[in-house]
Amino acid sequence: MKRIAIFASGSGSNAENIALYFRNSDKARVEAFYCNNPKAFVIERAHRLGIPLMLFNREKFYSGDEVLNDLRSRGIDLIVLAGFLWLVPENLTRAFAGKIVNIHPALLPKFGGKGMYGMAVHKAVIEAGEAESGITIHLIDEVYDRGKILMQAKCPVLPGDTPDSLAERIHNLEYEHFPAAIERLIDE
Ligand code: GAR
């Protein structure tokens, strides 16, 4: 049984979807949520799902090993970044090399990098006049949105799309593909 930790900064709809996907699995389960934002709705979701949540600030995350030690104490095998907006520090990327997976709401290497998250990505895609967008599920290292791509899935950008309508289409792709991609990674 593999133990998954999910890091999220905002709504946490992917975090919840993944937790529910593995709820009755004999391969993996979601052990805890980790969050950097005391106002994030993912905290409410954690309570509702009965999943432990660790809240941390910048200082805790970037100096010292408090988060790393918490992950170790729970025997975490895999870290999933589901809408997590901070760069993961080196103590974690080293301890979990090849075991941190991220989802990005666009087709990397386009529309990646610092500042490119959530709505900012969808707005940039629409402003660039792209005919399609999608999701990228990839392993992470110490640079934003770089690392081995595990899979991509595409959807059209439709005439008249707003960042909100595109975000909804992308979220549906994420719900469909992210849990299964995590499961495949665990199977390998
Ligand atoms: C998701 O669309 C995810 O791809 C994106 O944030 C959203 C979080 O939604 N992640 C990034 O932009 C990372 N660069 P959620 O909180 O409802 O799961």
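Counting convention: from 1, in listed order, for ligands and their atoms alike.
Against a heavy-atom cut-off of under 4.0 Å, G12 is close to the following atoms of ligand 1: 15 (P), 16 (O), 17 (O), 18 (O). Atoms of ligand 1 found under 4.0 Å from any heavy atom of H171 (numbered from 1 in listed order, with element): 1 (C), 2 (O), 9 (O), 15 (P), 17 (O). Listed by atom number, the atoms of ligand 1 under 4.0 Å from S11 heavy atoms are 16 (O), 17 (O). Those atoms of ligand 1 that come under 4.0 Å of a heavy atom in G83, given as number and element, are 6 (O), 8 (C), 10 (N).
Environment of CG in N24: sparse, with no more than 12 heavy atoms of neighbouring residues, nucleotides or ligands closer than 6.0 Å.
Using modelled atom types and a 3.5 Å distance limit, the side chains of R45 and S13 yield no donor-acceptor pair. No donor-acceptor contact under 3.5 angstrom links the side chains of N37 and S9, judged on distance only.
A donor-acceptor contact shorter than 3.5 Å is absent between the side chain of N102 and the backbone of H138.
Taking distance alone, with nitrogen or oxygen atoms compared against 3.5 Å, Y117 stays at or beyond that limit from ligand 1. Polar contact with ligand 1: present for G118 (N/O pair, distance under 3.5 Å).
In summary, of the residues considered (F33, F7, Y117), a ring pair (Phe, Tyr, Trp, His ring centres under 6.0 Å) with F84 occurs for F7 alone.
Proximity of M116 to ligand 1, defined as any heavy-atom pair under 4.0 Å, is confined to the backbone N, CA, C and O atoms.
Looking at S13, S9, A82, P105 and measuring to atom 11 (C) of ligand 1, the nearest heavy atom belongs to P105. For atom 3 (C) of ligand 1, the choice among E16, R45, E174, H104 with the nearest heavy atom turns out to be E174.
Partners of Y175 by ring-ring contact (aromatic ring centres under 6.0 Å, His included), not counting sequence neighbours, listed by chain and number: H171.
Judged by the shortest distance from any of its heavy atoms, I103 lies inside the 4.0 Å radius around the atoms of ligand 1.
Using a 4.5 Å cut-off on side-chain heavy atoms (C-beta onward), R169 and L158 make contact.
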